[in-house]
2 protein chains.
Amino acid sequence: MAVDAVLFSIDKKKLRVLLIKIKQGQYEDKWCVPGGLILAEETLEEAVKRILFQKTNVSGVYLEQLYTFGDLGRDSRSRAISVAYFALLNKPEGYNIGTTPYYADIEWKNVAELPELAFDHKKIIETAHQRLKAKIGYSNIVYSLLPTDFSLTQMQNVYEIILGEKLDKRNFRKKILGIELVEKSNKILSGQAYRPAQLYHFTQRRLTLF
Amino acid sequence: MAVDAVLFSIDKKKLRVLLIKIKQGQYEDKWCVPGGLILAEETLEEAVKRILFQKTNVSGVYLEQLYTFGDLGRDSRSRAISVAYFALLNKPEGYNIGTTPYYADIEWKNVAELPELAFDHKKIIETAHQRLKAKIGYSNIVYSLLPTDFSLTQMQNVYEIILGEKLDKRNFRKKILGIELVEKSNKILSGQAYRPAQLYHFTQRRLTLF
DNA sequence: TCAAAAGTGTTTAAAATACACCCATGG
DNA sequence: CCATGGGTGTATTTTAAACACTTTTGA
C-alpha cells in the first residue's frame with residue numbers, strides 16, 4: 001500500500017513535473033514520480049508529505065488526492081496499490097532539487113515531453129494534468145503556482161501553460177477581476193524594460209471554488 | 001486494504017442507499033455500506049463487484065471510484081485504508097434485497113435520514129452524494145438510475161431527487177433535448193389516468209460528458 | 001524614439017432563467 | 001366533465017466570446 005505524488009510546477013514557460021530516475025533493478029534508468037509505502041501510524045496525506053520531503057526535500061506544497069491505482073501488473077515485481085496525490089509548488093525560477101544518493105537523478109521534466117516512465121506513472125501524470133486543467137476553471141487553485149504578489153499577465157501565463165492554449169487578455173482580466181478572487185497589492189512590478197505592472201494577491205490562499 | 005461501495009438507487013421519490021446492519025462486535029447494530037478486503041489477484045473494481053455481489057446479490061451496476069479514506073482511527077479495531085466507490089442502480093419499484101445470515105439486516109435507506117453509521121461511512125456517503133449531484137450536471141450518468149425507456153418527467157424527477165430542489169419543466173426539457181442526450185422511443189407510456197407520455201432512451205448507455 | 005509588455009470597452013452571440021396556459025387521457 | 005400529469009414558447013438576463021488600440025517605461 002503506497003502513495004505517489006505528482007508534483008507540478010511552472011518554470012521557463014512550461015508545466016513541469018518532478019521525476020526521479022530509478023537507480024537499479026528491473027526499472028533501472030526509467031523515471032517515476034516520488035512515492036513510497038504508507039507507514040502504520042500515518043494518514044495518507046502525512047505519508048505523501050513525508051515521502052515528498054524525504055525524497056525531494058520539498059515541503060509546504062498544495063496537496064490533493066487524485067485517484068487510487070490498483071490494477072494488477074502495474075508494478076511487475078509485486079501487487080501494488082497506490083493512492084496518487086497531485087501537488088503544486090511555486091518553484092522559484094532556477095530553483096533546483098538536490099540529488100540524493102538513492103536515485104540516479106532527480107529533475108523537473110516538461111510534462112509535454114515526458115521521458116520513459118516506470119509502472120503506470122505516465123497515466124498517473126496524465127490524470128493529474130487533466131484534473132489540474134479542469135480545476136483551474138472553477139477554483140483558485142493556481143494560487144499555489146504563483147508568488148504572493150503577481151501581475152495579471154503572470155497569472156494568465158499560468159492558465160495558458162496549463163491549458164496549452166492562448167487566452168484573450170481582456171476577457172481573462174474581466175473574468176478574474178469579476179470573481180473577486182484577487183485584489184490589488186500596493187506593489188508594482190518595476191525594473192523591467194517596459195511599463196510596470198500592477199500586482200495582485202489572492203484574497204484566499206486556500207482552495208476556494210467558484 | 002479494503003473497498004467500500006456506496007450503492008444509490010431511487011425508490012418512492014427518495015434517494016436511497018443500500019446499508020447493512022452489523023451483527024456483532026464493537027459496531028453491533030450500527031449500519032454501514034457494503035465493503036470488504038481486496039484479494040491479492042483482483043483489481044479494485046473487481047473487488048467492489050465481487051463484494052457487492054456476495055453481500056447484496058447486486059450486479060451490473062454503474063461503478064465509479066470515489067475517494068480513498070485512510071485516516072487513523074476510522075476503524076477503531078485496526079488500521080484500515082479503504083477505496084470507496086459509488087454505484088448506481090435502477091432499482092425496480094418495490095425490489096428488495098435478500099438478507100444474508102452474516103448481517104443483522106440489509107435495507108435501502110433514505111439518504112436524507114441516515115441511521116447511525118459505523119466507521120466514517122456517513123462522510124463516505126455524503127462525499128458520494130456530492131459527487132453524484134455534481135456529475136448529473138455535466139454527464140449522462142442518470143442513465144443508470146432510469147429504465148431503458150422513460151418519460152422526461154421521470155427523468156426530471158431523478159434530477160430533482162438528487163439535487164433536492166424543484167426544476168422548471170420547460171427549461172429542463174429544453175436543456176435535455178438540446179444536448180441530444182436522449183432520443184424518442186417509439187413507445188408511449190399509457191395506462192395511467194391521464195395523458196400518456198412520450199418515452200425516450202439514452203443515445204449512449206455509458207458515461208458520456210457534455 | 002523604439003521595443004515591449006500593460007492596460008482598457010464595446011458589440012455580438014449563446015446560455016440560463018423566469019414565467020402560464022392548453023392538451024390528452026382514464027375514470 | 002373533471003382530475004391529473006403531459007406538453008409547449010417567449011422575453012429577459014447573464015455570461016462568454018470576439019476584437020484593436022493607447023499607455024508607460026527603460027534602454
Side-chain angles (χ1 to χ4, degrees), chain A residues 10 12-13 93 133-140 142 146-147 149-201 209-210, chain B residues 10 12-13 93 133-140 142 146-147 149-201 209-210:
Chain A
I10 288 180
K12 300 193 202 81
K13 302 272 174 186
E93 185 76 25
K133 269 186 175 176
K135 205 139 184 172
I136 60 172
Y138 61 90
S139 81
N140 67 347
V142 293
L146 284 164
D149 294 292
F150 52 87
S151 69
L152 293 183
T153 300
Q154 279 178 285
M155 185 176 176
Q156 184 176 340
N157 283 337
V158 171
Y159 271 79
E160 290 177 347
I161 290 165
I162 291 169
L163 295 174
E165 60 178 323
K166 285 276 167 206
L167 300 175
D168 179 87
K169 180 158 57 160
R170 281 164 298 183
N171 291 338
F172 180 80
R173 286 164 181 247
K174 209 184 310 168
K175 175 92 161 283
I176 296 299
L177 296 174
I179 295 167
E180 299 187 343
L181 195 61
V182 296
E183 58 190 16
K184 280 188 187 180
S185 299
N186 41 23
K187 300 181 190 168
I188 286 195
L189 182 69
S190 55
Q192 285 125 123
Y194 46 83
R195 178 172 178 176
Q198 172 67 53
L199 296 186
Y200 291 80
H201 55 86
L209 307 185
F210 50 81
Chain B
I10 288 180
K12 301 193 201 76
K13 301 271 173 187
E93 186 75 25
K133 269 186 176 177
K135 205 139 184 173
I136 59 172
Y138 61 90
S139 81
N140 67 346
V142 292
L146 284 164
D149 294 292
F150 52 86
S151 69
L152 292 184
T153 299
Q154 279 178 285
M155 184 175 176
Q156 185 175 339
N157 284 336
V158 171
Y159 271 78
E160 290 178 342
I161 291 165
I162 291 170
L163 296 174
E165 59 177 324
K166 285 276 166 206
L167 301 174
D168 180 87
K169 182 158 57 161
R170 281 163 299 183
N171 292 339
F172 180 80
R173 289 155 109 96
K174 209 187 307 169
K175 174 93 161 283
I176 296 300
L177 296 174
I179 295 167
E180 299 186 342
L181 196 62
V182 297
E183 57 190 17
K184 281 188 186 177
S185 299
N186 41 24
K187 299 181 190 166
I188 286 193
L189 182 67
S190 55
Q192 284 125 122
Y194 45 84
R195 178 172 176 178
Q198 173 67 53
L199 297 185
Y200 291 79
H201 58 260
L209 307 184
F210 51 81

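Chain naming here is simple, since letters A, B, ... match the order of the sequence lines and numbering starts at 1 in each.
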Student: May I have all residue pairs that pass ring-ring contact (aromatic ring centres under 6.0 Å, His included) and include part of residues 171-195 of chain B, sequence neighbours excluded?
Tutor: Y159(B)-F172(B)
Student: Need to verify one output field. Residue with the more 5' nearest nucleotide on DNA chain C, A193(A) or A193(B)?
Tutor: A193(A)
Student: Could you work out, with side chain to side chain contact (heavy atoms under 4.5 Å, CB included) as the rule, every residue matching K175(A), not counting sequence neighbours?
Tutor: I179(A)
Student: In this structure, how many angstroms lie between the C1' atom of dA17(D) and the CD1 atom of I176(A), rounded?
Tutor: 16 Å
Student: Nearest whole Å is fine: how far is dA5(C) P from Q156(A) CD?
Tutor: 13 Å
Student: May I have all residue pairs that pass salt bridge (Lys or Arg N to Asp or Glu O under 4.0 Å) and include part of residues 183-201 of chain A, sequence neighbours excluded?
Tutor: D149(A)-K187(A)
Student: Holding to side chain to side chain contact (heavy atoms under 4.5 Å, CB included), I want the full list of residues that pass it with K169(B), two or more places apart in sequence or in another chain.
Tutor: Q156(B), R173(B)
Student: If a protein heavy atom is under 4.0 Å from the base, mark B; if only from the sugar-phosphate, S; if neither, -; do that for nucleotides 6-16 of chain D going 5' to 3'.
Tutor: BBBBB------
Student: Measure CG/L167(A) against P/dC19(D) and give the value in whole Å, please.
Tutor: 15 Å
Student: Once salt bridge (Lys or Arg N to Asp or Glu O under 4.0 Å) is applied, what residue pairs with a partner in residues 156-166 of chain B remain, sequence neighbours excluded?
Tutor: E160(B)-K166(B)
Student: Are any of the side-chain heavy atoms of F150(B) and V158(B) separated by less than 4.5 Å?
Tutor: no
